[in-house]
**Q** 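Below you'll find the structure I mean.
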Amino acid sequence: VQLQASGGGLVQAGGSLRLTCAASGRAASSLAVGWFRQASGKEREFVAGISWTGGSSYYANSAGGRFTISRDNAKNTVYLQMNTLKPEDTAVYYCAADQNPRQLLPWAYAYWGQGTLVTVSS
């Protein structure tokens, strides 16, 4: 399974971005997917996750109702819609996938994308 994250960029505080995680590989649509982020000098942290069916989603407190994760299995794609962005959301965002759902720790994920940089200016 290969993952490709995209959609990052520079946005002003209060703005929105939609990140995309495109998956390839035979089993891609049957995996749970998580979004993580890593700010400069900080550890990688969980942001949001979704089950392989899309029927279950879960979020870190930091997502605070501002982020929404969704998936389109016909396109092997997972999205992270981020609204009301704050400067503290600035980080490299990664998507990850694993057969086990509801994993919150990075080491639990078997597959990783390369990351996309989100910069929120104040």
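Positions are given from 1 along the sequence.
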**Q** Taking all non-hydrogen atoms of both residues into account, name the closest pair between L3 and A97 and its distance.
**A**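 Distance-wise, the nearest heavy atoms are CD1-N, 3.7 Å.
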
**Q** To the nearest 0.5 Å, what is the distance between OG on S29 and CG on D72?
**A** 10.5 Å

**Q** How many angstroms lie between OG in S57 and CD1 in I50, if you round to the nearest 0.5 Å?
**A** 5.5 Å

**Q** Could you tell me if the side chain of S122 sits less than 4.5 Å from the side chain of Q12, heavy atoms only?
**A**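 SC-SC contact between Q12 and S122 ruled out.
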
**Q** Is Y79 close to L19 at the side-chain level, that is, under 4.5 Å between some pair of heavy atoms?
**A** no

**Q** Which of parallel (below 30°), tilted (30 to 60°) and perpendicular (above 60°) describes F46 and Y58?
**A** parallel

**Q** Say you draw a straight line from CD of Q2 to CD of Q114; how long is it, rounded to the nearest 0.5 Å?
**A** 10.5 Å

**Q** Would you mind reporting whether Q99 and Y109 have side-chain heavy atoms less than 4.5 Å apart?
**A**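 When only atoms from C-beta onward are counted, Q99 and Y109 do not touch, as no gap falls below 4.5 Å.
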
**Q** Between P101 and W52, is there a side-chain heavy-atom distance shorter than 4.5 Å?
**A** no

**Q** Are V120 and V47 linked, directly or through intermediate hydrophobic residues, by side-chain heavy-atom contacts shorter than 4.5 Å (ILVMFWY only)?
**A**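 Yes; tracing contacts between hydrophobic side chains, which count when under 4.5 Å, links both residues.
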
**Q** How long is the gap from CG on N73 to OG on S30, to the nearest 0.5 Å?
**A** 8.5 Å

**Q** So, for A28 and N76, which heavy atoms are closest and what is the spacing to 0.1 Å?
**A** CB-ND2, 4.0 Å

**Q** Under a 4.5 Å cut-off applied to non-hydrogen side-chain atoms, are R66 and K86 in contact?
**A**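 Yes - at least one pair of side-chain heavy atoms lies under 4.5 Å apart.
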
**Q** Following the transitive rule for hydrophobic clusters with a side-chain heavy-atom cut-off under 4.5 Å over Ile, Leu, Val, Met, Phe, Trp and Tyr, establish whether I69 and V118 coincide in one cluster.
**A**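 Yes, same cluster.
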
**Q** Would you mind reporting whether Y111 and L31 have side-chain heavy atoms less than 4.5 Å apart?
**A**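 Side chain of L31 against side chain of Y111, heavy atoms only: contact under 4.5 Å found.
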
**Q** With heavy-atom distances below 4.5 Å as the criterion, would you say the side chains of M82 and Y93 are in contact?
**A** yes

**Q** How many angstroms lie between atom CZ of F67 and atom OH of Y59, to the nearest 0.5 angstrom?
**A**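 The distance works out to 10.5 Å.
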
**Q** In the single-linkage hydrophobic clustering (I, L, V, M, F, W, Y; side-chain heavy atoms under 4.5 Å), do V1 and F36 co-cluster?
**A**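 No, no single cluster joins them.
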
**Q** Heavy atoms, side chains only, cut-off 4.5 Å: are Q38 and E45 in contact?
**A** no

**Q** Tell me yes or no: between the side chains of R102 and S56, is some donor less than 3.5 Å from an acceptor?
**A**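 On atom types as modelled, these side chains qualify, holding a pair under 3.5 Å.
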
**Q** Test of understanding: clusters of I, L, V, M, F, W, Y form through side-chain heavy atoms closer than 4.5 Å, transitively. Do W112 and L80 belong to the same one?
**A**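 W112 does not cluster with L80.
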
**Q** If you compare all heavy atoms of L117 against all heavy atoms of A91, which two are closest, and at what distance to 0.1 Å?
**A** CD1-O, 3.6 Å

**Q** Measure the spacing between CD of Q4 and OG1 of T77 and express it to the nearest 0.5 Å.
**A** 11.0 Å

**Q** Is there a donor-acceptor pair under 3.5 Å between the side chain of T90 and the backbone N or O of T119?
**A** no

**Q** Apply side-chain hydrogen bond (donor to acceptor under 3.5 Å, both in side chains) to residues R71 and T53 and explain how you reach the verdict.
**A** CA-CA 8 Å; R71 70 189 297 162; T53 64; over 6 Å; no

**Q** Given the rule that I, L, V, M, F, W and Y join up when any side-chain heavy atoms are under 4.5 Å apart, are Y94 and V78 in one cluster?
**A**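 The answer is no; the residues belong to distinct hydrophobic clusters.
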
